[in-house]
Number of protein chains: 2
Amino acid sequence: MAAAQNQSYWVSIEADVETYLKKAIPIRSPESVFEPMHHLTFAAPRTTAPALCVAACELVGGDRSRAMAAASAVHLMHAAAYIHEHLPLTDRPRPKPTVHHKYNPNIELLTGDGIIPFGLELLARSMDLAQNNQDKILRVIIEITRATGSQGVVDGQYQELGIDEIGSTDYEIVEYVSKKKEGELHACGAACGAILGGGDEEEIEKLRNFGLYAGMIRGLLGKNNSGIMEDKIEKLKALALKELESFQGKRTGLIASLVEPSLRAAQK
Amino acid sequence: MAAAQNQSYWVSIEADVETYLKKAIPIRSPESVFEPMHHLTFAAPRTTAPALCVAACELVGGDRSRAMAAASAVHLMHAAAYIHEHLPLTDRPRPKPTVHHKYNPNIELLTGDGIIPFGLELLARSMDLAQNNQDKILRVIIEITRATGSQGVVDGQYQELGIDEIGSTDYEIVEYVSKKKEGELHACGAACGAILGGGDEEEIEKLRNFGLYAGMIRGLLGKNNSGIMEDKIEKLKALALKELESFQGKRTGLIASLVEPSLRAAQK
């Protein structure tokens with residue numbers, strides 16, 4: 001019963017983010033640019049980082065609508081990274097698992113390059129003089145650019161190239177990549193949601209940590225894993241739940257469910 | 001004499017932007033990420049769009065320092081676009097003129113992906129509560145993300161693919177590409193400088209137009225051109241200078257020199 005409620009909570013958030021994104025990226029002129037942008041935005045696999053952004057906003061008492069632009073930007077940054085990871089570059093001897101390429105590589109490269117600034121533009125445009133939220137929006141832009149840039153996701157992608165090349169299963173590298181890619185994306189999503197929802201600094205940091213652990217769990221589950229991973233995942237889950245101890249109310253259970261095995265299985 | 005003064009004005013701005021960028025991108029940890037980022041940022045050819053950003057700020061009476069972060073962000077967005085344009089993708093039958101690739105394609109791809117958010121992070125961090133410039137910074141973020149994204153530079157790059165493929169010298173396409181790439185980058189640089197320097201809406205729009213024409217001239221000069229181009233360039237120059245008519249003071253001559261042939265020859 002609780003599992004079903006949790007499940008429907010996440011499903012409702014994801015539906016709202018998708019609706020927001022569909023409105024934000026209409027297929028408009030120039031169509032040669034916006035059609036691939038629209039298609040590839042939704043073709044990228046979902047991560048739970050945008051949904052966590054919305055859930056964190058609600059957990060600290062903010063209305064869901066406040067986090068929509070940031071959650072959408074988090075998805076867009078992830079989608080751009082995903083598209084570029086799957087480009088057929090001439091020096092990729094062991095390509096990523098084959099994905100269906102609807103467009104040629106030049107178009108996919110440029111679409112990723114267009115999606116990154118578009119996500120941040122969407123976020124900057126969500127400033128609202130009536131809410132006087134400019135400082136929050138700027139803070140969230142810094143959070144997202146840091147987490148998805150050279151000290152976050154891009155660093156993880158660099159290190160992952162090493163794994164691809166040497167076929168490493170060195171646990172430390174795998175953990176580092178999970179931390180930088182899925183971990184920092186979720187940490188950033190949670191922190192942004194808490195900032196926009198009006199959380200205090202302590203709440204923001206606790207939710208950031210929760211996001212980091214929850215993201216790392218997702219990342220490790222996506223890798224070929226072994227017994228060592230299972231242990232590590234249980235430890236990360238305990239650390240994640242500890243960060244939520246000081247939060248009250250029914251929403252705490254909802255957000256905690258992100259690290260529960262039942263939900264992990266149900267979501268990608 | 002005037003030509004030498006003009007020249008030294010632009011040189012002094014470019015030196016200041018370079019100093020600012022060098023401080024902003026130290027080679028720090030992780031070095032595997034920041035060393036290529038630092039190298040490729042300065043390996044990309046200069047455009048005059050960042051310098052125009054600073055000059056526009058000064059023309060409307062703002063201190064040069066106010067425009068440094070935005071000018072740097074404009075250069076970074078340009079550098080990322082340049083790096084990605086020269087990636088060896090598997091479907092590029094006619095590669096761009098050979099450039100020296102110090103890094104392998106995966107690294108260059110990721111470096112571009114890191115530079116885009118870094119430039120916007122730099123800009124967002126330049127918010128200054130003492131100056132209460134948050135609204136201006138957000139406005140400038142919107143300007144830069146729009147101009148460098150799917151409705152600006154990226155659109156130009158899409159259309160340029162068409163030229164590369166069919167070897168087109170169709171003047172209309174060449175002009176469109178120059179407008180979207182160099183034109184919008186310079187228009188955005190000029191508008192951002194005017195916004196940050198405290199210009200009024202009329203000044204911002206006039207400088208935006210000046211930048212559009214000045215950038216298009218640069219773009220057309222970079223193409224294989226013919227007699228038609230020369231005529232067009234003269235027309236663009238006249239349009240550009242017309243936008244400056246209502247500005248007063250010696251700085252008007254300095255900024256106007258961007259479209260003079262003597263300076264065009266001296267600068268890339």
Side-chain angles (χ1 to χ4, degrees), chain A residues 28-30 32-34 36-37 77 80-81 84-85 87-92 104-125 127 129 134-135 137-142 144-155 157-159 161-162 164 180, chain B residues 28-30 32-34 36-37 77 80-81 84-85 87-92 104-125 127 129 134-135 137-142 144-155 157-159 161-162 164 180:
Chain A
R28 63 176 174 230
S29 177
S32 57
V33 176
F34 278 95
M37 196 161 147
M77 302 299 268
H84 282 182
E85 271 184 18
L87 279 179
L89 288 165
T90 52
D91 71 336
R92 283 192 169 153
N104 72 40
N106 269 314
I107 300 294
E108 295 194 352
L109 172 66
L110 288 177
T111 302
D113 286 348
I115 286 178
I116 300 173
F118 178 78
L120 295 164
E121 182 189 347
L122 193 67
L123 190 51
R125 281 189 192 280
M127 86 170 138
L129 296 176
Q134 296 96 310
D135 290 359
I137 299 287
L138 276 167
R139 188 170 169 188
V140 164
I141 288 174
I142 293 170
I144 293 182
T145 49
R146 264 187 77 93
T148 58
S150 301
Q151 293 184 284
V153 172
V154 168
D155 181 23
Q157 290 176 307
Y158 264 79
Q159 303 307 325
L161 294 177
D164 289 349
K180 286 288 159 177
Chain B
R28 64 176 174 231
S29 178
S32 58
V33 177
F34 278 95
M37 194 158 148
M77 302 300 269
H84 281 181
E85 271 185 18
L87 279 179
L89 288 165
T90 52
D91 70 336
R92 282 192 170 153
N104 73 39
N106 269 313
I107 299 294
E108 294 194 352
L109 172 67
L110 288 177
T111 301
D113 287 348
I115 286 177
I116 300 172
F118 178 78
L120 296 165
E121 182 190 346
L122 193 66
L123 191 51
R125 282 188 191 280
M127 87 169 137
L129 296 177
Q134 297 96 308
D135 290 0
I137 298 287
L138 277 167
R139 188 168 167 190
V140 164
I141 289 174
I142 294 170
I144 294 182
T145 50
R146 261 187 79 93
T148 59
S150 302
Q151 294 185 285
V153 173
V154 168
D155 182 22
Q157 290 175 308
Y158 264 80
Q159 302 306 325
L161 293 176
D164 291 349
K180 286 289 161 178

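Quantities reported herein were computed from a predicted structural model and do not represent experimental measurements. The chains referred to below are lettered A, B, ... by the order of the sequence lines, with proteins before strands, and numbering in each begins at 1.
- Contact of the B:V153 side chain with the A:D113 side chain is not registered, since no non-hydrogen atoms from C-beta on lie closer than 4.5 Å.
- A:S29 approaches B:Q151 most closely through the heavy-atom pair O-NE2, 4.4 Å.
- Looking at A:Y158 and B:I107, their side chains come closer than 4.5 Å, going by heavy atoms from C-beta outward.
- Most heavy-atom pairs under 4.5 Å with chain B: of the set A:R28, A:M77, A:R139, A:M37, this distinction falls to A:R28.
- Counting heavy atoms from C-beta on, the side chains of A:L138 and B:I141 come closer than 4.5 Å.
- A:P30 and B:S150 make their closest contact through CG-O, 4.2 Å (heavy atoms, listed as atom of the first residue, atom of the second, distance).
- In this structure, B:Q157 CD and A:L109 CG are separated by 8.0 Å, a value rounded to the nearest 0.5 Å.
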| task | Step by step, work out the side-chain contact (heavy atoms from CB on, under 4.5 Å) result for B:D155 and A:F34. | result | CA-CA 9 Å; B:D155 182 22; A:F34 278 95; over 6 Å; no
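- Contact of B:L123 with chain A is not made at all, since no heavy-atom distance falls under 4.5 Å.
- The residue among B:G152, B:A124, B:G149 with the most heavy atom pairs within less than 4.5 Å of chain A is B:A124.
- In this structure, CD1 in B:I116 is found 4.0 Å from CD1 in A:I116, a value given to the nearest 0.5 Å.
- The two residues B:T148 and A:P117 come nearest to each other via the heavy atoms OG1-CB, 4.3 Å.
- Atom CG of A:L161 and atom CG of B:L110 lie 5.5 Å apart (nearest 0.5 Å).
- Of the inter-residue distances, the one linking B:Q134 atom CD with A:D135 atom CG reads 4.5 Å to the nearest 0.5 angstrom.
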| field | Derivation and outcome, side-chain contact (heavy atoms from CB on, under 4.5 Å), residues A:I144 and B:L120 | value | CA-CA 10 Å; A:I144 293 182; B:L120 296 165; over 6 Å; no
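- Proximity to chain B (any heavy atom under 4.5 Å) is restricted, for A:L129, to the side chain, taken from C-beta onward.
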